[in-house]
Amino acid sequence: MADDAQIWQRNEVDSPCVKICVVHREAGLCTGCLRTMDEIAAWSNMPHQERQEIMDALPERRSQLSKRRGGRKARQQSQG
């Protein structure tokens, strides 16, 4: 049975999806995987090389997501 599992292994780039699917309004990126909606939609049909290029670019995209500046702490700072 273990040999059968080997047959179905594919040499493809895994998806970076972490099942946190929320799109950052300004950046247009998923806050979970850092891909654009177009990249997510096309992922399953993308060539290996294109997937790898996106995976390589993901760490740099994190800085495009601005930190949230709201909430109680931000209101207190603006009042004081």
Side-chain angles (χ1 to χ4, degrees):
M1 186 82 159
D3 291 333
D4 291 339
Q6 295 274 336
I7 294 171
W8 294 106
Q9 289 183 349
R10 295 170 25 172
N11 186 20
E12 293 184 3
V13 175
D14 290 332
S15 170
C17 181
V18 294
K19 297 184 179 18
I20 300 174
C21 305
V22 177
V23 179
H24 188 276
R25 191 178 326 166
E26 290 84 26
L29 299 174
C30 172
T31 60
C33 69
L34 303 173
R35 293 179 293 171
T36 66
M37 294 300 99
D38 289 341
E39 290 168 345
I40 292 169
W43 191 260
S44 62
N45 295 318
M46 243 179 233
H48 175 85
Q49 183 60 34
E50 191 173 351
R51 286 184 185 187
Q52 190 59 57
E53 289 170 5
I54 292 170
M55 292 292 287
D56 292 344
L58 294 180
E60 296 173 14
R61 294 181 181 184
R62 176 71 57 200
S63 64
Q64 294 181 35
L65 304 182
S66 59
K67 301 247 185 221
R68 188 171 167 188
R69 301 277 189 246
R72 183 173 181 257
K73 187 174 181 178
R75 285 193 302 275
Q76 288 175 333
Q77 290 174 348
S78 67
Q79 293 173 357

Q: Looking at every non-hydrogen atom in both residues, tell me the closest pair between N45 and R51 and how far apart they are.
A: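 Smallest heavy-atom distance, with atoms named: N-NH2, 4.4 Å.
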
Q: Between atom CD of E53 and atom NE2 of H48, what is the distance when rounded to the nearest 0.5 Å?
A: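 Answer for the CD-NE2 pair, E53 versus H48, is 10.0 Å.
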
Q: May I ask whether I54 and L65 are part of the same hydrophobic cluster, defined by side-chain heavy atoms of I, L, V, M, F, W, Y residues being less than 4.5 angstrom apart, directly or through others?
A: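 Yes; L65 is reachable from I54 via cluster members.
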
Q: What are the two closest non-hydrogen atoms of T31 and L34, and how far apart are they?
A: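 Closest approach of T31 to L34: O-CD2, 4.4 Å.
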
Q: If hydrophobic clusters are built by linking Ile, Leu, Val, Met, Phe, Trp and Tyr wherever their side-chain heavy atoms come under 4.5 Å apart, do L58 and L29 end up in the same one?
A: yes

Q: For A42, give me all partners under side-chain contact (heavy atoms from CB on, under 4.5 Å), at least two apart in sequence or on another chain.
A: M46

Q: Salt bridge (charged side-chain N to carboxylate O under 4.0 Å, His left out): which pairs involve residues 20-30, sequence neighbours left out?
A: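 Every pair satisfying salt bridge (charged side-chain N to carboxylate O under 4.0 Å, His left out) with a residue in residues 20-30: there are none.
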
Q: Grab the two heavy atoms, one from P16 and one from C33, that are nearest each other, plus how far apart they are.
A: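 Taking P16 first and C33 second, the nearest heavy atoms are O-CB, 3.5 Å.
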
Q: Return each pair, listed once, that meets salt bridge (charged side-chain N to carboxylate O under 4.0 Å, His left out) where at least one residue sits in residues 35-46; pairs must be two or more places apart or across chains.
A: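 Those involving residues 35-46 are E39-R61.
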
Q: Identify whether I40 and M55 are in the same connected component of the hydrophobic contact network (ILVMFWY, side-chain heavy atoms under 4.5 Å).
A: no

